[in-house]
Amino acid sequence: MDYTAQLDQAINRLHEEGRYRTFIDIERKNGAFPHATWKRPDGTEQPITVWCGNDYLGMGQQPVVLEAMHEAIDATGAGSGGTRNISGTTVYHKRLEAELADLHGKEAALLFTSAYIANDATLSTLPKLFPGLIIYSDALNHASMIEGVRRNGGAKRIFRHNDVAHLRELLEADDPAAPKLIVFESVYSMDGDFGPIEEICDIADEFGALTYIDEVHAVGMYGPRGAGVAERDRLMHRLDIINGTLAKAYGVMGGYIAASAKMCDAIRSYAPGFIFTTSLAPAIAAGAAASVKHLKTDQGLRETHQQQAKILKTRLKGLGLPIIDHGSHIVPLIVGDPVHTKKLSDMLLEQFGIYVQPINFPTVPRGTERLRFTPSPVHGPKEMDALIAAIDELWSQCALNRAELSA
Ligand SMILES: Cc1ncc(COP(=O)(O)O)c(C=O)c1O
């Protein structure tokens, strides 16, 4: 086997399909978010404004978060030194899990190294706990959930995105006695639309199914204490397992599930993705705990965030640009062609110092390629004006359509 030729072939396939990913090397400026420095491949540097980050609230530079991380490093060193089972459970991990359980009004929470792993590890383990489990999964669920459901070897049914009637049809066709789990998200990050949480909880009750919700793009940002859309809609108690990340609105790193004490105990005991890996660094757990705690009370930051999203959407709509608006904080601007999307993104970066990553197939369907903006409380009027002026100019220059898509 010519291994190098095989690698070339695999990489060339991506180039041919226009799916080869190029990373933009940046250095964010602590205290000056969303400003950063772009380290060009030729070694030169350019100041840029980041418009596509998932540090939705700027918590990655919040002094209470940074202080907690510094303190933890000084107190306990760099890494945790072990898996949770073998010397890697520290007071920082326990404190963070208690903070998260309290956030979601659940008996317990379980930390993972990311929300990707939390989804994958939990969903691939549940069929071991409930033999014969049938999983009903929304068609647009994140790759981490798809992977967890796929790997578990159990029965799976995919319902059309947010289509509760289709979900019902699928449930009705199965053995009423079989254990069941419905898996979905509260905010779908590419269109920024919301999952029908209440309707899914109702249908789960009717069919005796468990519910699993991914609130990765909602925790910190929705609900009076930042527990997510289910908190906002007073539905948290109806969800069996809530998944979240500490890497986006909480600005640090890590993922978790919150659930009953028994559920967390069982996942803790059976999920290889939890058991056989080093636990989060204590400083990360400390920073995340400080962030979660802070956002339990900082409603002002959540309001500013929503306000920023509204302003950006209103201004883009004012230019007649085709944005998708489902009322969430995510602002997708549809370009509809992978080449144009990449070109716009390149021109924004090179000519205007505005960084927004192009989003292409397979992350979104072909023909809906887009720029996905994530306005935040750290984007001021100056940054907003510069973005609007740049997009307006480039849109005309590229002779793209100006017609608004409805939600
Ligand atoms: C819906 C959803 N779930 C899970 C994840 C994984 O989160 P993390 O970055 O903590 O692994 C992502 C990441 O983008 C996501 O969009």
Side-chain angles (χ1 to χ4, degrees), residues 21 23 50 52-57 59-60 65 93 96-97 100 103-104 109-124 135 137-151 158 161-162 182-195 197 200 211-222 226-230 239 241-258 271 273-274 277-281 284-285 287-289 291-292 295 326 328-332 356-360 362-364 370 372-374 376:
R21 290 186 163 105
F23 296 158
V50 180
C52 58
N54 279 341
D55 184 350
Y56 290 119
L57 301 174
M59 291 301 284
V65 174
H93 298 88
L96 176 53
E97 284 177 340
L100 292 166
L103 176 70
H104 291 289
L110 205 55
L111 276 177
F112 295 80
T113 43
S114 71
Y116 186 105
I117 300 293
N119 275 335
D120 181 47
T122 306
L123 291 171
S124 59
I135 299 190
S137 180
D138 187 286
L140 291 193
N141 276 341
H142 186 257
S144 53
M145 298 156 94
I146 295 172
E147 198 59 25
V149 172
R150 193 181 64 80
R151 274 197 319 109
I158 310 299
H161 178 52
N162 277 355
I182 306 171
V183 180
F184 65 113
E185 298 182 24
S186 64
V187 177
Y188 289 85
S189 69
M190 288 302 139
D191 279 1
D193 57 329
F194 293 95
I197 305 178
I200 288 182
T211 47
Y212 183 107
I213 191 167
D214 173 315
E215 289 250 38
V216 160
H217 292 276
V219 287
M221 296 171 278
Y222 293 84
V229 181
L239 293 153
I241 303 177
I242 298 175
N243 162 277
T245 186
L246 301 162
K248 298 187 193 289
Y250 290 121
V252 189
M253 194 188 173
Y256 64 90
I257 57 165
F274 177 85
T277 188
T278 302
S279 61
L280 285 174
I284 287 181
S291 187
V292 172
L295 285 176
H326 289 282
S328 75
H329 58 285
I330 292 164
V331 185
V356 57
Q357 191 70 22
I359 313 256
N360 289 335
T363 309
V364 295
R370 64 197 65 186
R372 174 183 172 276
F373 298 98
T374 51
S376 79

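Positions are given from 1, in the same order as the sequence printed here. These numbers come from a predicted model, not from an experiment. Both backbone and side-chain heavy atoms feed into the values below; hydrogens, waters and symmetry mates do not. Atoms within a ligand are numbered from 1 in the order they appear, just like the ligands themselves.
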* Which heavy atom in Leu111 sits nearest to a heavy atom in Leu246, and how many Å separate them? ->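 So the two residues come closest at CD2-CD1, 3.8 Å.
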* **Closest approach of Phe184 to Asn141 (non-hydrogen atoms, all atoms of both residues)** =>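 Nearest heavy atoms, Phe184 then Asn141: CA-OD1, 3.5 Å.
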Consider every N or O of [X] and every N or O of ligand 1, then say whether any pair is closer than 3.5 Å.
X	result
Tyr116	yes
His217	yes
Ala115	yes
Asp214	yes

* Asked: Among protein heavy atoms, which sits nearest to atom 15 (C) of ligand 1, and what does the distance come to when rounded to 0.1 Å?
  -> His142 CD2, 3.3 Å
* What protein heavy atom sits nearest atom 10 (O) of ligand 1, and how far off is it? -> Thr245 OG1, 2.7 Å
Distance filter under 4.0 Å to [X] heavy atoms, resulting ligand 1 atoms:
X	result
Asn119	3 (N), 4 (C)
Glu185	1 (C)
Ser144	4 (C)

* Would you call the rings of Tyr256 and His104 parallel, tilted or perpendicular if under 30° counts as parallel and over 60° as perpendicular? -> tilted
* **Centroid-centroid under 6.0 Å between Tyr188 and His161 rings** => yes
* **Any donor-acceptor N/O pair, Gln357 side chain to Cys52 backbone, under 3.5 Å** =>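 Not at all, since once roles are kept as given, no pair shorter than 3.5 Å links the two residues.
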* To do: Check for a donor-acceptor pair, side chain of Asp55 on one end and backbone N or O of Gly60 on the other, with a separation under 3.5 Å.
  => yes
* How about His142 and Ser144: does a side-chain donor come under 3.5 Å of a side-chain acceptor? ->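 Yes, Ser144 and His142 have a side-chain donor paired with an acceptor closer than 3.5 Å.
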* Asked: For ligand 1, is Lys248 a contact, meaning one of its heavy atoms is under 4.0 Å away?
  ->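 Flag set, Lys248 near ligand 1.
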